[in-house]
Each structure stands twice: as C-alpha cells, then as structure tokens.
Engineer: 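Dumping the structure here so I can ask a few things about it.
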Amino acid sequence: MTDAFTQAVTTMFEDPNLSFASTYTPSGGSAQSVRLIRTNPSATPLSLTAESFDDGDLFKLRQSEVSTQPEEGATIIDRAGNSRVVESAKPDPRNLVWLLDVRGV
C-alpha cells in the first residue's frame, strides 16, 4: 500500500499543470524520459544546517524515475528545450524527490 506522501508526489508529477516531460541524462549514461517540476529558489526554505542553494534554478525530479542519485554534470532539458547541467542534487526528507540545482549550458 502506498502512503499519502507518495500518492501526493505521484499526483503532482502526473499533473501537466505542475510538471512537464523532460529528458534526464546522467554523466556518461543514457538519456531517459522523466517529469520535472520547476520550483522557485526563494520559496525553498533553508535547512537547519545552514546549507542553501544559490539563486540558480531548481527542479524537482521524482526519485522513482532514476536509478541513482543525480550527480554533478548530469543534464536535463528544461520546459523551453534548453539543456541544463546539474550542479547538485539533494533528497527530500522522505527520499521521494531530488531537488536539482542547475545552470544553463
């Protein structure tokens, strides 16, 4: 049985008003189809460890769509069709979503 948090994440990523189809390519790996949600860096709370993201762009990627943690150098395609390079990836507390900090190519 799926818990409420997993169901909520699935619902968000399946909603075409919130997410969009994209391509994720790990460093040295094969491209795969995923869905991403763009999020506003200023709306992302700082963690208690004082780690934060800079003012780059942030995207959410469902962990169930990729087999390993996204690493620096992986690429995604944003909604406008631009290739973006992953600078870092952090999991959410429930390990359902990766928060990707990306920059333009």
Side-chain angles (χ1 to χ4, degrees):
M1 185 164 140
T2 306
D3 70 6
F5 294 102
T6 302
Q7 289 175 342
V9 166
T10 298
T11 299
M12 286 186 338
F13 277 88
E14 289 177 353
D15 185 336
N17 298 303
L18 298 174
S19 68
F20 62 95
S22 181
T23 302
Y24 167 77
T25 308
S27 297
S30 300
Q32 54 195 92
S33 295
V34 297
R35 293 198 67 80
L36 297 175
I37 297 174
R38 187 178 189 291
T39 188
N40 184 343
S42 63
T44 303
L46 298 176
S47 71
L48 297 176
T49 61
E51 273 186 276
S52 65
F53 291 99
D54 62 15
D55 288 335
D57 289 325
L58 299 179
F59 291 87
K60 293 179 181 179
L61 170 65
R62 217 174 356 179
Q63 287 194 18
S64 63
E65 292 190 82
V66 294
S67 57
T68 60
Q69 177 176 350
E71 295 180 353
E72 184 177 345
T75 59
I76 62 167
I77 305 298
D78 68 16
R79 191 182 290 262
N82 300 314
S83 183
R84 310 295 294 271
V85 177
V86 174
E87 292 189 336
S88 65
K90 298 197 185 304
D92 74 334
R94 292 191 173 268
N95 290 316
L96 298 173
V97 175
W98 292 109
L99 187 60
L100 307 178
D101 186 7
V102 301
R103 62 177 166 77
V105 173

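Worth knowing before you read on, the calculation uses all heavy atoms, side chains too, and leaves out hydrogens, waters and symmetry mates. Note that the coordinates shown come from a computational prediction; the quantities given were computed from them, not determined experimentally.
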Engineer: Do V97 and L61 sit in one hydrophobic cluster, given that two such residues count as connected whenever their side-chain heavy atoms are within less than 4.5 Å of each other, even indirectly?
Structural biologist: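 No, V97 does not connect to L61 through the hydrophobic network.
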Engineer: Nearest 0.5 angstrom please: T68 OG1 to Q63 CD, how far?
Structural biologist: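 It is 10.5 Å, given to the nearest 0.5 Å.
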Engineer: Minimum heavy-atom separation for G29 and T25, please, with both atom names.
Structural biologist: O-CG2, 3.6 Å
Engineer: State yes or no: do L58 and I77 share one hydrophobic cluster built from I, L, V, M, F, W and Y residues joined by side-chain heavy-atom distances below 4.5 Å, directly or via other members?
Structural biologist: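 No, L58 and I77 fall in different hydrophobic clusters.
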Engineer: For the atom pair CG (L18) and CZ (F13), what is the distance rounded to the nearest 0.5 Å?
Structural biologist: 9.5 Å
Engineer: Would a hydrophobic clustering, with Ile, Leu, Val, Met, Phe, Trp and Tyr connected at side-chain separations under 4.5 Å, put Y24 with F20?
Structural biologist: yes
Engineer: Less than 4.5 Å apart, any side-chain heavy atom of D3 and any of R94?
Structural biologist: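 In contact.
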Engineer: State, yes or no, whether a side-chain contact exists between V66 and P26 at a heavy-atom distance under 4.5 Å.
Structural biologist: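 The answer is no; the side chains never approach within 4.5 Å.
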Engineer: How far does CG of L36 sit from CG of L100, to the nearest 0.5 angstrom?
Structural biologist: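 With rounding to 0.5 Å, CG (L36) is 7.0 Å from CG (L100).
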Engineer: When hydrophobic residues are tied together by side-chain contacts of less than 4.5 Å, even through go-betweens, does V34 share a cluster with W98?
Structural biologist: yes
Engineer: State, with a plain yes or no, whether a side-chain heavy atom of E72 is found less than 4.5 Å away from one of S27.
Structural biologist: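 They are not in contact (no side-chain heavy atoms under 4.5 Å apart), so the answer is no.
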Engineer: Are there more than 12 heavy atoms of other residues, nucleotides or ligands under 6.0 Å from atom CD of E71?
Structural biologist: no
Engineer: Might you work through the side-chain contact (heavy atoms from CB on, under 4.5 Å) test for E65 and R35, ending with a clear yes or no?
Structural biologist: CA-CA 8 Å; E65 292 190 82; R35 293 198 67 80; 4.1 Å; yes
Engineer: R62 versus I37: any side-chain heavy-atom pair under 4.5 Å?
Structural biologist: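 R62 vs I37: side chains apart.
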Engineer: Would you give the length of the straight line joining atom CZ of R84 to atom CG of D101, rounded to the nearest 0.5 angstrom?
Structural biologist: 9.5 Å
Engineer: Would the number of heavy atoms belonging to other residues, nucleotides or ligands and lying under 6.0 Å from CD of E14 be above 12?
Structural biologist: yes
Engineer: In Å, rounded to the nearest 0.5 Å, how long is the span from OG of S64 to CG of L96?
Structural biologist: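 Those atoms lie 8.5 Å apart.
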Engineer: Between atom CD of Q69 and atom NZ of K90, what is the distance when rounded to the nearest 0.5 Å?
Structural biologist: 9.0 Å
Engineer: Looking at D57 and R38, is there a salt bridge between them, counting it only when a charged N and a carboxylate O are closer than 4.0 Å?
Structural biologist: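 Salt bridge between R38 and D57, a charged N being under 4.0 Å from a carboxylate O: yes.
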Engineer: Just to verify, what does R103 make a side chain to side chain contact (heavy atoms under 4.5 Å, CB included) with, not counting sequence neighbours?
Structural biologist: V85, E87
